[in-house]
Structure formats: C-alpha cells, structure tokens
2 protein chains.
Amino acid sequence: MVTSTDVARRAGVSQATVSRVLNNPNSVKSGTREKVLRVMEEMNYKPNLIARSLVMNHTKTIALLSGTLKNGFFVETIDSMINLATSRGYKTLVFFEGEKEITDLLDTIRGNKVDGILLSAMKYDDPLFEELESWGIPFIQMSRRHRKGGNYVVLDNILATQLLTKHILELGHRRLAFIVGSTNASTFLERKMGFEKALQQVGMENLKEFIYPIEPITSEVAKTTRMLMNLPEPPTAIICSSDAMALVAMDTLLSMGLKVPEDVNLAGMDNIGITSHQAIQLTTIGHQMNSMGELAVDHLIDLIEEKVEAPVQQVLMPELIIRNTTTNLSK
Amino acid sequence: MVTSTDVARRAGVSQATVSRVLNNPNSVKSGTREKVLRVMEEMNYKPNLIARSLVMNHTKTIALLSGTLKNGFFVETIDSMINLATSRGYKTLVFFEGEKEITDLLDTIRGNKVDGILLSAMKYDDPLFEELESWGIPFIQMSRRHRKGGNYVVLDNILATQLLTKHILELGHRRLAFIVGSTNASTFLERKMGFEKALQQVGMENLKEFIYPIEPITSEVAKTTRMLMNLPEPPTAIICSSDAMALVAMDTLLSMGLKVPEDVNLAGMDNIGITSHQAIQLTTIGHQMNSMGELAVDHLIDLIEEKVEAPVQQVLMPELIIRNTTTNLSK
DNA sequence: CTGAAAGCGCTTACAG
DNA sequence: CTGAAAGCGCTTACAG
C-alpha cells in the first residue's frame, strides 16, 4: 500500500506537504503542488480514509437502521436515501432491524464513529431514543417517531387515515374493518387515532369492534382477513394501515375466491410502487416516499454539518389516491 | 469520549492491559481483568473501531455495490445479504450503481479499506474487474459475472431460459417475443443464448426476429410491448428476461385493455416475491434469490478469512415455476 | 510556503 | 502477567 510518506519521499517533499496538497492545496506553492500531484498519480496513491477519520474525528458515514425490505415501504425509501447520502459525500452503513441483538449493533455503530444516524423503524417508546441522545451525535427519525420527539420527518398519519376513512364512508360503507399494526410505532398509533376520528365525525365513534390490532406480519394479516370474511356479516370494506398489509389481504381475499372490490373493498396506506400496477390498482394514501427519505437524509447531513439546528421536525401532508379497489357500496 | 487510556488510569493499570482484556483476555490475570471490565462498564467505554482498524489493517466491513432497488430483484437479495453479513460480524457499506461517477465511489471504497466487495451488477466486460483485481482484496460477483470469471455465484441462465422457452413452446406457441436487456450483463447475454438454444432444439433456430434487445428500463419495455401487440400478427407469448421487465409488460398489456393470458401469454425470470401474488401469478424461473445472496456473502467472508481459496464459482440450478400467465395455445 | 513534531486511539512485539 | 514503547497513516498547529 502506498502511503503519503511514500509519495513524499518520491516527490522530495515532507509528508506534511503531501497531506496539504490534499487538504489545503492553496497553501502549497503551485510548482510543489504539481509535482506532488504527479507523483500521486504515478504511484496511484489513495489516501487512507481510516487514518484520516481517526484524526479528524469524523468518518463521513451515516448509519441507516431500517425496517426489513420484506416490507415494500422501506425499500423505496432506502434507495433514494442512500443515493442522496452518496451524492452529498457520505457513505451509508446499513443495518436491518430485528437481526442480532440491537445492543451488539449499537456497539458497532458507536464504535465506528458514524457522523449521524437515520432510523426508519423507531418505536414510540423505544429506549433506543435515550441511548442515542446520550451519544451526542445527530440522529433523525423518518416515518416513525418517538414519543419524545427529536428530529423527524413523518407523514400526518392522523389526517391521512381520516381522509382515507372518510372516502370509504362516503362510498356508503358502514361495516368496516381497520387492520392496524399492534407494534408500538407512531405510525400505527396515529393511524388508529385517525380512523377513530373519522368514525367520530359521522357519529360512529363507539364502533371499536371495527378495529383489529395485530402483529403486522403476513400470517397474522392473512388469518385476520380470513376470519373477517367468514363472519356472519363480513365487512364491506377493509382498510389496512399499510400497503404491505393490504397486499397480503388482497392476496388472501383472491385466494379465497373473493373479488376486490366486488365482494369487498380494500385500501392500504403508503402508496408503495407496486400498488399502482394495473393488476393491483390499490386505493391508498400517498406519502411521497422518496422525498420523505431524501428530506430525512438532507436534514441529517445539515444537522451533522451544523447548517441547521435541532430539532428539525417535518410533517408531510397526505394525499388520497383513489384507484380500483374501492367503489360505491350502492353498486 | 472515553478511551482505553481513561479506563487504564481509573483502573490503575496500563493502557496496554486494557487493550489486552479486550483482545486476549486470557493473557491477563483474572483479578486484573475483572477490575478492568468493571471500570469499562462504569465508564461505559466502547472501543474506537476506527483506531483498531488502522492498526489491524482490516475494518470488518464489506462494500456492497448493487443495482437499483427499483428493480425488485436486487431488493430481495440485499436484505438477506446484509443480514448474513451482520450475523457474521461484518458491517455493510451500500452503494447503488449509477449514482455518481463510479470512479469517485471506487476511491472512497478503496480509501475505506473494506475487507471485501460484493457486486450484483458487474458488466460482462467491465473494466472494474481488472481495477478490483489490482487492489488485492477479495471480491465476489453475484447473479452477473464478468467474462474473466473470478469469484461468483450465478444462476445457470442458459438452462433457465431453455427450460422456460421449452415450456412456452410445448404450450403450442410459435409466435414468440423474447424481450431481453441489451445491457452488457452476463445474465442477459446468457439468457439470450438459452432462448436461441431452445428454438434450435425445435428447429426454429433462424427466427432471430423473435428477439428484442432493449434497454431494460420501464419506458423501453412499455414501448416494445405496445409495438409488439400492434403488429399485424402479434406474438401469442412474450418472454421477458427478468421479472422486473415482465411486470412492466403486464402493466402495459393490461392498460391496453388486453388480458393475460387470454390475449397473450407472458413469462418472466427471477421469481421475485411479488410474482407469486394472487393478482399477478406470473410464470417465471426460480432463483432461490435469498440463498444466492447469502451464498455470495458467505463465500466472500470465507475468502476474506481465508477459509477458502479463490476462485469460488457456483452455478445454481434453475427451477421452472408455472403460474397463471402461460396457458395452452389451443384453448 | 514548508518541515519537524505531536497526536488521534488503538494493538502487539519486546522486556522484565 | 504487565508495562513502556513503537507504529498504523493521517492532519495540523508551531516555527522558521
């Protein structure tokens, strides 16, 4: 491996000068600079960023703690987030929630001296929040946020769910099912509130039995969907608190031989890419997911570079996207 | 930030001893060790991995250079790859192809002293191959491989496409269209060969006009699909050289008011998750994608840790998955 | 404008 | 078993 010392020797200058042409080129006389540059080229010298990190006390890397990519929501955000980070000169260390004990992960993240952390799967009461706060490096939450606030960019989930539920109600549906993740995540918490609020607005506030809180995993969604449709009076519309869940519900419904929306209406939330496919055409609530991820990264880097002050808290407006899985009940 | 020196001072030992309890605990007397451990705990000491990397000359991180997640294929591999890396104690630095000049990326990857590199989007003639070889660190290719070989785990793409094409031919189809990525990627190259070979086996070898090489992007796939179906004699079956392309083709067909498979058969390749959805049910060729990614990571780490010798070259057997988008022509 | 030197936080021979 | 010391490859005051 060729080091700055090797370059210095060959160029007949001190190692410090080599370092300077990299970090503060104007501080070295142009003749010297040219020579050093030439030698670097010749020797194919690349600075050791690890060594630089040690002295600079920053690594130009951010850690991304994401939910599993099995959930399409996280997929669409991660792509744009990493790309934005790259374009702003940051590397991205990616970890998925659920693998390994989080504590092990934390030690390696901390030990690696990342400059900032981006979390897309923060729980509402996660002790991680306080832990991270104690580290003294910037972190930002996207989509899900902690009870204590901090930095985040999220959707207005309450409004989103109200909008969606209102749409279903206006279609004439009165027997609804709202399948919501029981995970202690702000998204689900708030979406549940939004649903209740929408019912309230039409005087149906005590219909709590419409709400089905479950583990947001495939098997549970499938089970619940089957159970619902086997009810003596099955719902005429099912609202899922995420597109990932709605996709599973649709899969289940179809495999039961039921048609959507003819036999039952269905809606999701998040507007992940596949929902717009002609074969799916799921009614949902839009997020501008790419921009949510990008906003979060942008803010995080601004925080790191102290271009902005904490807390940065951004709430995005939802947009109802009506497609083919919801229709007027009085068909 | 608390360092090993701080711990040493408080514990009344030398800094070297602190380091030893971390790296070679048995070499320090149990009494001393306990005390040091206790102080570490008290002070919440976490070793600086950057400093360690500098002296150890390894970082316990691998770089993952992936194709965009807009393509579902890369999504399913990346999740399992990162998780496997994590569980083997490696961090993953993720970069997406196409962003920024690759050269910039290379300098940062190289400068960061990753222990190994995993590429899922290597071109068949990519000069990157030689560049990486010159670095002297292990790298492995998955799915797509370079003309020169190296380490890889790939699908038997020729056989895969033969199998799939044979299936379509057996259904009675004689007017086929094979939409293949024109990218200089081994997958597309080999899939084209497989298609030709299958035609050859039924004596249709000179029907080169069945092959439509295009940029594997949404707009091109859509355009080609539309063009095909507007032919005086449109194909009775369209084979796409990836599920990502097939999904676009299906979307286009449906939006043209055509039905699959009634109006035209359709098949993809890769068996990405969504293809098994009841609303899609795409006939395709299976990959065991998770295992492909995991195998690649496993091999890479084995290579890094010198548990195995280069080259490791693994070719996975394909599996035909017949679903609802292909049917007997004589319906 | 440039060099000599200190220092970033570790690991690991080398002595004892 | 333990400490003192060298060294990993950089950056950046400090002198000159």
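Lettering follows sequence order; numbering is per chain, from 1.
- Across all strands, T5(B) comes closer than 4.0 Å to no nucleic acid atom at all (heavy-atom distances).
- In this pair, H146(B) and F129(B) present their aromatic rings parallel. The plane angle is below 30°, not in the 30 to 60° band.
- The CG atom of L295(A) lies 9.0 Å from the CE atom of M292(A); values are rounded to the nearest 0.5 Å.
- With a 4.5 Å cut-off on side-chain heavy atoms, E190(A) and R145(A) count as touching.
- Separating the CG atom of N112(B) from the P atom of dC8(D) is a distance of 20 Å, rounded to the nearest angstrom.
- Nearest nucleotide to the side chain of V13(B), out of dC10(C), dG3(D), dG9(D): dG3(D).
- Looking at N23(A) and S19(A), their side chains do bring a donor and an acceptor atom within 3.5 Å of each other.
- The CG-C1' distance, from N57(B) to dC10(C), rounds to 13 Å in whole Å.
- Heavy-atom nearest nucleotides on DNA chain C were determined for T17(B) and for I50(B), and the one closer to the 5' end corresponds to I50(B).
- Secondary-structure annotation of DNA chain C gives the stems C:1-3 with D:14-16, C:5-12 with D:5-12, C:14-16 with D:1-3, with a stem taken as at least 3 successive Watson-Crick or G-U pairs whose two distances both fall under 3.5 Å.
- Rounded to whole Å, atom C1' of dT11(C) lies 11 Å from atom CG of N24(B).
- Nearest to the side chain of M1(A), among dT2(C), dG9(D), dC1(D), sits dG9(D).
- Here the C1' atom of nucleotide dC1(D) and the NZ atom of K35(B) are 13 Å apart, to the nearest Å.
- Nearest-nucleotide assignment on DNA chain C puts the 5′-proximal partner with A51(B), out of A51(B) and R20(B).
- Checking S4(A) against Q15(A) by side-chain atom types alone, a donor-acceptor pair falls below 3.5 Å.
- Side-chain nitrogen and oxygen atoms of N23(A) include at least one within less than 4.0 Å of the OP1 or OP2 phosphate oxygen of dT11(D).
- Side-chain proximity of V28(A) to dG3(C), dT12(C), dT2(C): nearest is dT2(C).
- The T32(B) side chain lies nearest to dT2(D) when the options are dT12(D), dT2(D), dC1(C).
- Contact check, T3(B) against dG9(C): no side-chain N or O comes under 4.0 Å of OP1 or OP2.
- If you check dG3(D), dC10(D), dC10(C) against the side chain of Y45(A), the one that comes closest is dC10(D).
- Among the atoms of the strands shown, only primed sugar atoms or phosphate atoms (P, OP1, OP2) are found under 4.0 Å from some heavy atom of S4(A).
- Remark: C1' of dA13(C) and CE of M56(B) are 14 Å apart, rounded to the nearest angstrom.
- Rounded to a whole Å, the CD atom of Q15(A) is 8 Å from the P atom of dT11(D).
- In this structure, the CD atom of E34(B) is 15 Å from the C1' atom of dC1(D), given to the nearest Å.
- Note: CZ (R110(B)) to C1' (dG9(D)) measures 15 Å, nearest angstrom.
- Ion pairing between a basic and an acidic side chain is recognised when a charged N comes within 4.0 Å of a carboxylate O; K123(A) and E97(A) show such pairing.
- Checking dC10(C), dA4(C), dC8(C) against the side-chain heavy atoms of L54(A) singles out dC8(C) as nearest.
- When heavy atoms are screened at a 4.0 angstrom cut-off, S19(A) is found touching base atoms of the nucleic acid.
- Side-chain contact between V154(A) and Q314(A): absent, with no pair of heavy atoms (C-beta onward) separated by less than 4.5 Å.
- The shortest distance between side-chain heavy atoms of F95(B) and L64(B) does not fall below 4.5 Å.
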